[in-house]
Amino acid sequence: MNVKELVSKMTLKEKASLLSGNDFWHTEAIDRLGIKGFMMCDGPNGLRKQLGEADHLGVEESISTVCYPSANALAASFDVEMAEKLGENLADECLRENVSMLLGPGINMKRSPVCGRNFEYYSEDPYLAGKLASAYVRGVQSKGILACPKHFAANNQEYRRMSGNSIVDERTLHEIYLAAFEMMVKEAKPKSIMCSYNKVNGTFMSENKHMLTEVLKDKWGFDGFVVTDWGAGKDPVKGVEAGLDLVMPGPREDHEKAIVAAVEAGKLDEEKVDKAVTNILEAFFWGVENSPKDVKPSDDSTRKHDYEFARELAEGSAVLLKNNRVLPIRKDKKVLFVGEFAKNPRYQGSGSSHINSAFVSNACDCVKDKDITFVQGYETGDTKHNYLLREQAVEAAENADIIVIFAGLPGSFESEGFDRADINLPAEQDKLIDELSHLGKKTVVVLHNGAPVSMPWIDNVDAVLDMFLGGDAVGEATVRLLWGEVNPSGKLPETYPLKLSDNPSFLNFPGDSGNPVYAEGIFIGYRYYEKRRMPVLFPFGHGLSYTEFEYMDLKVSRDSITDNDTVDVSIDVWNVGRYPGKEIIQLYVSDDESKVSRPLKELKGFKKIFLNPGEKKTVTFTLDKRSFAYYNETIHDFHVESGDFSIMVGASSDDIRHTAAIHVESSVEIPLDVDLFTPVADVLDTKKGFEILSPLLQSALEGQGEGADDAMGEGASKMMKNMILEMPVGSLSNFGLMTADKVNELIEALRA
Ligand code: BGC
């Protein structure tokens with residue numbers, strides 16, 4: 001389709017009409033030119049297609065379909081292949097339902113564990129989120145369905161999400177909050193992206209030219225179209241000027257009129273309108289050209305296939321947090337299931353991602369040939385203490401060998417639209433677990449949660465299996481995992497802190513009037529807990545298996561590289577246990593010595609592999625410049641500081657098995673804008689500065705040698721040397737180390 005030609009045939013009014021929706025879920029059509037409107041639907045963990053009344057909060061009905069595990073669960077699988085398959089599966093469903101664009105995935109960073117929408121997001125780590133998002137988008141778009149990753153950007157809380165102003169410094173923004181978006185844009189080329197409601201550094205995202213045009217489109221090369229979150233459009237003209245393409249939902253006659261009026265009054269360049277229209281149409285026609293034509297409607301076999309896939313995902317995502325040799329459960333054991341969630345699991349979150357599930361499996365119905373009793377234990381609606389239900393559970397426990405307690409967060413605790421007040425489970429559940437874990441029986445806790453919870457009873461229970469919000473097949477997957485028909489293989493995509501106040505954003509979340517200052521900077525999640533060497537409940541990347549893995553023979557292909565090179569890192573992993581199982585091998589990098597503050601570990605690679613007992617495989621990672629870089633605000637780009645780095649490979653951020661060293665030499669020198677106030681040490685750090693200044697200062701620096709210690713006491717020479725290094729160059733003349741003329745000459749030479 002020649003979009004340029006098509007646009008040239010449009011009137012200004014027609015063009016303006018295409019820049020806002022026709023209704024809640026469709027774009028505008030222009031019949032005279034054969035342009036059809038297309039439909040978009042939420043995502044991200046199932047298709048929420050509404051045929052009747054429309055809303056963006058998951059309140060009104062949508063078609064009945066399959067609900068897959070939510071994003072926090074998918075992230076725990078660390079499985080890029082499964083993420084890509086999920087994208088493909090969702091695209092198939094879109095094709096069957098005549099939906100052209102899927103509103104997902106959500107890839108905001110988990111700055112605080114209490115963000116109400118954390119279940120819809122992947123991780124506190126941008127590398128993990130970026131890799132999974134890229135795979136998901138590739139999967140969706142492989143069938144000609146447009147993906148629409150969201151919510152761009154720094155939209156990390158629900159409180160005042162529509163009006164808040166996220167105040168984030170440039171390095172933090174690029175290194176943490178934009179990095180997953182950047183990776184996904186570059187690796188998977190999404191045809192669309194959704195801008196968030198909030199302001200970033202004072203400007204609403206739908207009007208933020210720096211973010212939409214300078215960063216997203218110009219710097220990263222995004223060539224799709226930007227759509228607003230539902231209702232996030234502000235001033236229509238400022239939006240187009242900033243690089244916003246489509247405002248949803250519609251109809252928005254006011255929007256159309258404002259654009260026509262601005263162009264006619266010479267206040268808005270028509271070329272910018274043309275560009276926005278072109279971006280939307282090119283993406284749409286790309287979809288038409290790349291999607292298969294003969295698609296059969298959903299039937300029993302597609303439903304069955306999707307349900308089975310949802311089960312595989314749930315099984316691959318579950319994280320075994322603790323296991324004192326109680327799991328897997330032996331078939332001859334008498335087991336008591338306690339907890340409402342064993343009958344009615346919480347399997348998805350509330351809000352715009354809410355799916356109308358055709359069928360949800362529960363653990364009680366899936367135990368079949370096993371010796372099980374069930375008691376309710378607590379109520380999910382009323383979270384007040386229910387003494388009777390607890391008593392009943394304690395009584396029933398008498399006959400059991402093992403008590404499995406199904407606990408978790410009820411929907412009223414976490415959702416789109418509000419943040420959690422704390423990270424506690426309902427007090428009633430904590431009390432129940434505490435009582436049952438003191439009966440001298442083996443106790444297992446199965447969790448259903450969209451975000452971390454505290455576990456005051458952790459030392460008393462024998463095992464904890466985290467199922468997250470596991471989708472339609474969560475019940476069946478739980479039973480298969482508990483009895484060892486499948487081996488748990490997920491790992492935590494976020495730290496579980498001991499208490500909420502340990503979280504680095506605690507003092508600035510949700511910010512005064514919902515205007516959070518991201519004062520903790522780049523230190524979110526494990527980057528913070530590691531740096532402060534703080535104890536946590538469970539670290540990032542943690543997850544157990546029924547088998548055991550040994551790591552051997554870490555090899556790095558070169559011991560010294562430049563930042564233009566790549567380096568291969570390999571390690572042998574061996575299943576030394578009794579069960580077949582999957583392991584997630586994690587690679588972290590750290591800068592041994594750095595002028596800027598850097599985390600002790602940053603995830604730069606991960607691989608999930610399957611191994612039979614006794615089997616060994618070699619896993620290889622390739623590292624490049626970005627693996628060693630930080631974001632430098634002087635050059636507005638990622639930069640590697642020359643020096644030694646450690647490469648750590650292990651089973652979690654807190655379980656590093658082997659470490660190797662590498663030297664990386666930078667090919668970029670950060671320009672230094674020298675003036676009278678630049679510290680001497682900074683000048684000496686530059687190549688030119690060192691050449692000019694070090695001979696001039698040599699005698700002064702040497703002159704502060706041992707003689708000074710003898711004359712003025714121990715430490716004097718160090719003090720004097722340090723004083724010179726840290727003084728502004730202009731002050732060299734004040735201390736008689738150089739004449740004022742010489743200092744000026746020097747600055748001129750350095751600036752030349
Ligand atoms: C949510 C989006 C969603 C949209 C449409 C908004 O409230 O923030 O994630 O895609 O509604 O339902």
Side-chain angles (χ1 to χ4, degrees), residues 20-27 38-63 65 67 70-72 90 94 97 99-110 115-122 129 133 136-137 140 145-164 166 180-181 190-200 204-206 224-234 244 246-250 252 348-356 414-419 450 469 514:
S20 52
N22 166 279
D23 64 18
F24 213 83
W25 300 118
H26 290 85
T27 56
F38 62 92
M39 185 172 202
M40 46 193 87
C41 287
D42 288 301
N45 53 295
L47 190 64
R48 190 170 74 94
K49 180 179 178 185
Q50 294 187 311
L51 296 171
E53 289 294 304
D55 76 298
H56 61 300
L57 297 172
V59 179
E60 300 293 346
E61 272 297 285
S62 53
I63 59 160
T65 184
C67 172
S70 52
N72 69 319
L90 287 165
C94 288
E97 293 295 339
V99 170
S100 304
M101 176 158 127
L102 188 71
L103 304 176
I107 60 175
N108 297 88
M109 286 294 103
K110 299 190 187 195
C115 166
R117 234 176 153 177
N118 272 357
F119 68 89
E120 261 192 89
Y121 300 141
Y122 291 131
Y136 181 114
V137 169
V140 171
I145 299 298
L146 281 53
C148 182
K150 58 193 186 182
H151 309 87
F152 186 69
N155 175 203
N156 306 96
Q157 63 190 53
E158 290 302 282
Y159 181 68
R160 305 260 167 117
R161 69 169 169 154
M162 294 193 175
S163 59
S166 299
F181 283 101
K191 290 289 161 192
S192 176
I193 210 161
M194 186 190 290
C195 74
S196 54
Y197 293 111
N198 55 294
K199 293 179 186 166
V200 171
F204 277 113
M205 275 307 299
S206 60
F225 67 92
V226 178
V227 56
T228 60
D229 198 342
W230 266 231
K234 302 279 179 309
L244 173 67
L246 176 64
V247 165
M248 286 299 286
R252 287 287 304 269
Q348 67 168 326
S350 306
S352 58
S353 68
H354 196 268
I355 300 307
N356 179 9
E414 57 176 353
S415 165
E416 178 174 342
F418 61 87
D419 299 313
L469 303 181

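Ligands are counted one by one from 1 in listed order, and the atoms in each one are counted from 1 as well.
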- Message: Please list, in number order, the atoms of ligand 1 under 4.0 Å from a heavy atom of Lys150.
- Response: 2 (C), 3 (C), 9 (O), 10 (O)

- What orientation do Trp230 and Trp25 show, parallel under 30°, tilted 30 to 60°, or perpendicular over 60°? tilted

- Message: Does any N or O of ligand 1 fall below 3.5 Å from an N or O anywhere on His151, backbone included?
- Response: yes

- Numbering as shown, the atoms of ligand 1 that approach Tyr197 to under 4.0 Å (heavy-atom distance): 6 (C), 7 (O), 8 (O)

- Arg161 and His151: side-chain donor and acceptor closer than 3.5 Å? no

- So do Ser352 and Arg117 actually touch side chain to side chain, heavy atoms under 4.5 Å? yes

- Find all atoms of ligand 1 within a distance of less than 4.0 Å from any non-hydrogen atom belonging to Leu103, and give their numbers and elements. 10 (O)

- Should Trp25 be listed as contacting ligand 1, given a heavy-atom distance under 4.0 Å as the test? yes

- Message: Does either side chain, that of Asn356 or that of Glu61, offer a donor lying less than 3.5 Å from an acceptor on the other one?
- Response: yes

- With a 4.0 Å cut-off on heavy atoms, does Glu120 reach ligand 1? no

- Can you tell me which residue and heavy atom of the protein come closest to atom 5 (C) of ligand 1, and the distance to 0.1 Å? Asp42 OD2, 3.3 Å

- Note on the structure: A student comparing Thr228, Asn155, Asp229 should find that the heavy atom closest to atom 4 (C) of ligand 1 comes from Asp229

- Could you tell me whether a side-chain N or O of Ser353 sits under 3.5 Å from a main-chain N or O of Gly43, the two making a donor and an acceptor? no

- Which of the atoms of ligand 1 are close to Glu416, meaning less than 4.0 Å from one of its heavy atoms? 1 (C), 6 (C), 7 (O), 8 (O)

- Looking only at heavy atoms, is any part of Arg117 under 4.0 Å from ligand 1, and if so is it the side chain, the backbone, or both, or is it neither? side chain

- Would you mind checking which non-hydrogen protein atom is closest to atom 11 (O) of ligand 1, with the distance to 0.1 Å? His56 CB, 3.3 Å

- Message: Do the side chains of Arg160 and Asp419 get close enough for a salt bridge, i.e. N-O under 4.0 angstrom?
- Response: no

- Message: List ligand 1 atoms under 4.0 Å from Arg48, heavy atoms only on the residue side.
- Response: 12 (O)

- Counting from 1 in the order shown, the ligand 1 atoms closer than 4.0 Å to a non-hydrogen atom of Met194 are 10 (O)

- Message: In the structure I gave you, are the side-chain heavy atoms of Ser62 and Lys49 within less than 4.5 Å of one another anywhere?
- Response: no

- Would you name the heavy atoms of Asn108 and Asn156 that are closest together and state the gap between them? CB-ND2, 3.7 Å

- Task: Mind checking the CD1-NZ spacing from Ile107 to Lys150? Nearest 0.5 Å is all I need.
- Result: 11.5 Å

- Decide yes or no for Met39 and Asn22: does some side-chain heavy atom of the first lie under 4.5 Å from some side-chain heavy atom of the second? no

- Go through ligand 1 atom by atom and flag the ones less than 4.0 Å from a non-hydrogen atom of Ser352. 1 (C), 2 (C), 3 (C), 9 (O), 12 (O)

- Query: Which bit of Met40 gets closer than 4.0 Å to ligand 1, counting heavy atoms only: side chain, backbone, both or neither?
  - Reply: neither

